[in-house]
Trainee: 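Attaching a single structure in structure tokens format; questions to follow.
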Protein chains: 2
Amino acid sequence: MEEIKKKILLVEDDPNFGIVLKDYLMMNDYDVVHAKNGMEGFEKFKKDDFDLCILDVMMPYKDGFTLAKEIREKNTDVPIVFLTAKTMKEDVLKGYKVGADDYLNKPFDSEVLLMKIKAIMQRKATETISDSKQFEFKIGRFELNSKLRFLRFNGGEPIKLSPKENELLRLLALHENDLMPRELALTKIWRDDNYFTSRSMDVYIAKLRKYLKLDDKVEILNIHGEGFRLVVN
Amino acid sequence: MEEIKKKILLVEDDPNFGIVLKDYLMMNDYDVVHAKNGMEGFEKFKKDDFDLCILDVMMPYKDGFTLAKEIREKNTDVPIVFLTAKTMKEDVLKGYKVGADDYLNKPFDSEVLLMKIKAIMQRKATETISDSKQFEFKIGRFELNSKLRFLRFNGGEPIKLSPKENELLRLLALHENDLMPRELALTKIWRDDNYFTSRSMDVYIAKLRKYLKLDDKVEILNIHGEGFRLVVN
DNA sequence: GTGGCTTTTAACCTTACATTAACAAAAATG
DNA sequence: CATTTTTGTTAATGTAAGGTTAAAAGCCAC
């Protein structure tokens, strides 16, 4: 069996610490790309597919949270672990809000980091039976390209989608003809399930319905109290 | 709408801390079962389905790790979070080894715990796309899809069912040609058996009969004082 | 800063649901 | 057979969820 190394994006501005950590991870059989600041980190993220991102919170120009937000816009799934020097509650909360998978206070024990990485990878392994690469969908006479964020009807001019429109439609498409639970969209896309995010989602459903009107065989049905259903007749 | 709370098993031997934590979680809309030691924790785990386990590491008789191992034997998926007073590396490693999802050092901030719980639940939400097939029934020339909540006659236009209509018909279908006791529907669907819920159920039986009139081979019979029978001739 | 795009919040309206009431009809009871 | 209990059915009510549109707030790039 082909042994494929897991790819980690490490964004850390302290050069010494960054190199030590990179070497340590590589010694443990991970493929590591090291970026020295948030800007570089984002560039490298766009150019490759990573299994995990380790982001330092305190960085010049672009901090870890900002970078995480950008990464989340491109990819809602990739696990993110934050590194921080301070054990500040505010930071931790902020981290989880942008979808962190875990959190580490410096100085931390390298073995602990390794275990966390393993645990996270294991989690993802069970979810990702082979999903990924699910970014292109046919929906009736529409074509959704979720990576480039556009929707095209009948091979015509592409309609640009906003990040939220795109994610929501993608999630619906993943469950085509089946139930896409409200809760799923709210936790996956909005990362919070409350009255306001729920209303926000309804607004986006309305927007998507407007786009999809072009094809009268495609519609989004509501299942009261449960969620929505993208049906193609 | 049916409010379904997430169920948490909390195993914590310190009575004060345990009760405070339990109350805090319940205030935040979780359904919490509190066990005061590892033994009791395992008993309660076996008797119910939990969405998350929070285990204290230091406990008399049976520590959190041992309990976690037993839980993992029964259930490989349920998320486990450890609580520990000390920030001991050994403990952390051991925790991840038995499949912990996260780790909290006491004293911890309650808001942080809440965020972690949310993050963990969100992770799980994705995995649980849930299997179907136990939601589809044939009833004469009808087809009942209990997940998408519709009833279709002869492959025609689906009739949308309300949650209660749906559950009631599903329960009848599960007992096709057999007695479906009143009490069963009332306790399972209405979660209460009194005069009013009983009348409410009768109203729903009337609604279902109206739908099922389309096929004269299908009917709902009453067995006086006992319940109902969905018969297909 | 300003302008343009995205997202959230608000307001108002419609639909969907569940319960309760009211009255009628069966069935059981003694 | 008179009366009580259970069931059948329809309609009215109150509440919650969802639909729609617009305004406000947030963000980013210039």
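Letters go in sequence order (proteins before strands), and every chain restarts at 1.
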Trainee: To the nearest angstrom, how far is A:Phe42 atom CZ from D:dC28 atom C1'?
Mentor: 13 Å
Trainee: Has A:Lys210 got a side-chain N or O lying under 4.0 Å from the OP1 or OP2 atom of D:dT21?
Mentor: yes
Trainee: Write out all pairs satisfying ring-ring contact (aromatic ring centres under 6.0 Å, His included) with one or both partners inside residues 136-169 of chain A, taking only residues at least two apart or from two chains.
Mentor: A:Phe142-A:Phe153
Trainee: Suppose the criterion is salt bridge (charged side-chain N to carboxylate O under 4.0 Å, His left out): which pairs have a residue in residues 151-161 of chain B, not counting sequence neighbours?
Mentor: B:Glu143-B:Arg152
Trainee: Of all nucleotides in DNA chain C with an atom under 4.0 Å from a non-hydrogen atom of chain A, which is the first and which the last going 5' to 3'?
Mentor: C:dT6 to C:dC17
Trainee: May I ask you to say what B:Lys160 touches in the nucleic acid, namely base, sugar-phosphate or nothing, with a heavy-atom cut-off under 4.0 Å?
Mentor: nothing
Trainee: Near DNA chain C, which residues from residues 193-207 of chain A have a heavy atom under 4.0 Å away?
Mentor: A:Phe196, A:Arg199, A:Ser200, A:Val203, A:Tyr204, A:Lys207
Trainee: Go through the structure and list residues passing salt bridge (Lys or Arg N to Asp or Glu O under 4.0 Å) with B:Lys7, not counting sequence neighbours.
Mentor: B:Asp48
Trainee: Where along residues 214-233 of chain B does a heavy atom come under 4.0 Å from DNA chain C, residue by residue in number order?
Mentor: B:His224
Trainee: Does anything in residues 179-189 of chain B form a side chain to side chain donor-acceptor pair (under 3.5 Å)? List the pairs, not counting sequence neighbours.
Mentor: B:Arg182-B:Ser198, B:Arg182-B:Asp202
Trainee: Report for the helix from C:dG1-D:dC30 to C:dG30-D:dC1: angle between first-end and last-end helix axes, five pairs each, rounded to 10 degrees.
Mentor: 40°
Trainee: Residues in salt bridge (Lys or Arg N to Asp or Glu O under 4.0 Å) with A:Glu40, at least two apart?
Mentor: A:Lys44
Trainee: Any heavy-atom pair between the side chains of B:Thr197 and B:Met201 that's under 4.5 Å?
Mentor: no
Trainee: Under the side-chain hydrogen bond (donor to acceptor under 3.5 Å, both in side chains) rule, collect the residues that match up with B:Asp192, sequence neighbours excluded.
Mentor: B:Asn194
Trainee: With A:Arg141, which residues qualify under salt bridge (Lys or Arg N to Asp or Glu O under 4.0 Å), at least two apart?
Mentor: none
Trainee: Hey, does the side chain of A:His34 reach the backbone of A:Ile19 with a donor-acceptor pair shorter than 3.5 angstrom?
Mentor: no
Trainee: Give the minimum heavy-atom separation between B:Phe50 and B:Ile8, together with the two atoms involved.
Mentor: CD2-C, 3.6 Å
Trainee: Side chain of A:Asn37, backbone of A:Asp13: donor and acceptor closer than 3.5 Å?
Mentor: no
Trainee: Okay, side chain of A:Arg72, backbone of A:Asn75: is any donor-acceptor separation there less than 3.5 Å?
Mentor: yes
Trainee: Could you give the side-chain donor-acceptor pairs of residues 220-233 of chain B under 3.5 Å, partners two or more places apart or in another chain?
Mentor:
from: B:Asn222; atom 1: OD1; to: B:His224; atom 2: N; distance (Å): 3.3
from: B:Asn222; atom 1: ND2; to: B:Gly227; atom 2: O; distance (Å): 3.3
from: B:Arg229; atom 1: NE; to: B:Asn177; atom 2: O; distance (Å): 3.3
from: B:Asn233; atom 1: ND2; to: B:Lys217; atom 2: O; distance (Å): 3.3

